[in-house]
Amino acid sequence: MSAPNSGSQAMGPAAGTARGWSRGRWLTLIALVCGAQVGFIFWLGARHEPASRQAAKGANLRLAPTNSSELLTWMDPTLFALPHRHGFSGPGWLMAPRQEFQQFAWSEPPRWLELEVSQLGALFNQFAETNPPWFSQAGIHLKLELKMPEIVSAELPEHSSLQVDGALANRLLLTPVELPSWTNADLLTNTVVQIMVNAQGTPVSLTLLVSSGLKEADAQAMRQARAARFEPERHDTASTPVGALSGLVWGELVFKWRTLLGASAGKSQNSPH
């Protein structure tokens, strides 16, 4: 029984060594590792302060005046919809370089075409030969006779007169009309007055259509037309009230003036009508 006891005593120190380190060793190792880390931090750390960076310049905002041309340019609604010189397509489309064209100089002197005198009129003769007139084809021979033009003598009227035209010509003029003659440097044309007459024969509308060229003559024609009375309508005239616009008839009064040529213009002279 003594042998086993001696064996257990011999194995005691080896078993204690194999159990591990003591607490003191572990604390020492941990302290060494922490100290090494702190040393690396101080050794590798920066020893100077970092330089401060300057801030970059940002956008500068300012209020444009009301009459600024730049403000009006940015308010253009076609700035982004159409090609604009301030847009992305301005340098390519609207700012094209100016092209210089050199004028072509012709150095050769002019060479005129020579005129063939023998061929003058040849084209007309050829046309006349190939296109005979129509009367020669039909066998018609024209005979030319020289006659003097007839001279028609212009006779001035002996007195001024009145002519009624239109639908009113069928109505009898009841009031007498006395038309004077006029002394004027030029011949007077006819004064034409458009007149509308009701069923009683009374004028209800007057319009000067054509002037004679003399204001006094036109005024005399308007007075005569206003004072004119025509024959009433024969059917049912008693039942039609006076001044009613029924049975209207249109017509024209043509005043043919007699002109006495003289230096005094616009002077009237009474004469039989």
Side-chain angles (χ1 to χ4, degrees), residues 1-127 130-131 194 196 205-211 245 250:
M1 294 296 292
S2 59
N5 291 332
S6 60
S8 60
Q9 294 178 357
M11 295 179 60
T17 304
R19 277 183 215 168
W21 290 352
S22 62
R23 183 180 297 178
R25 281 187 171 186
W26 282 110
L27 294 177
T28 304
L29 180 61
I30 292 173
L32 291 176
V33 172
C34 290
Q37 292 181 356
V38 173
F40 276 109
I41 291 175
F42 281 100
W43 179 52
L44 298 178
R47 299 179 181 273
H48 56 84
E49 296 181 359
S52 60
R53 297 181 180 179
Q54 295 181 358
K57 294 183 179 180
N60 186 14
L61 301 178
R62 59 185 177 86
L63 296 178
T66 308
N67 56 353
S68 176
S69 59
E70 184 178 359
L71 179 62
L72 296 177
T73 303
W74 288 108
M75 292 177 63
D76 188 1
T78 63
L79 180 60
F80 300 101
L82 298 177
H84 200 277
R85 61 189 181 91
H86 293 294
F88 69 94
S89 60
W93 292 1
L94 303 179
M95 296 182 183
R98 183 177 180 181
Q99 298 181 0
E100 299 291 340
F101 297 95
Q102 297 181 358
Q103 185 178 3
F104 179 75
W106 184 262
S107 59
E108 184 179 359
R111 294 180 297 175
W112 303 102
L113 298 178
E114 297 181 358
L115 179 63
E116 296 290 341
V117 182
S118 60
Q119 297 182 1
L120 294 178
L123 185 60
F124 176 76
N125 295 332
Q126 181 181 1
F127 177 79
T130 56
N131 297 273
Q194 187 182 41
M196 182 174 63
S205 176
L206 299 175
T207 304
L208 180 62
L209 296 181
V210 181
S211 174
L245 298 179
W250 292 88

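For clarity, every value in this text was computed on a predicted model and none was experimentally measured.
For the atom pair CG of Leu32 and CG of Leu27, the computed distance is 11.0 Å after rounding to the nearest 0.5 Å. A distance of 7.0 Å separates CD1 of Ile41 from CD of Gln37, quoted to the nearest 0.5 Å.
Not counting sequence neighbours, the partners of Ser211 by the side chain to side chain donor-acceptor pair (under 3.5 Å) test are Asp218.
Applying the 6.0 Å contact sphere to CD of Glu114 captures no more than 12 heavy atoms from other residues, nucleotides or ligands.
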Self-check item: side-chain contact (heavy atoms from CB on, under 4.5 Å) assessment of Thr28 paired with Arg25
Solution: CA-CA 5 Å; Thr28 304; Arg25 281 187 171 186; 5.7 Å; no
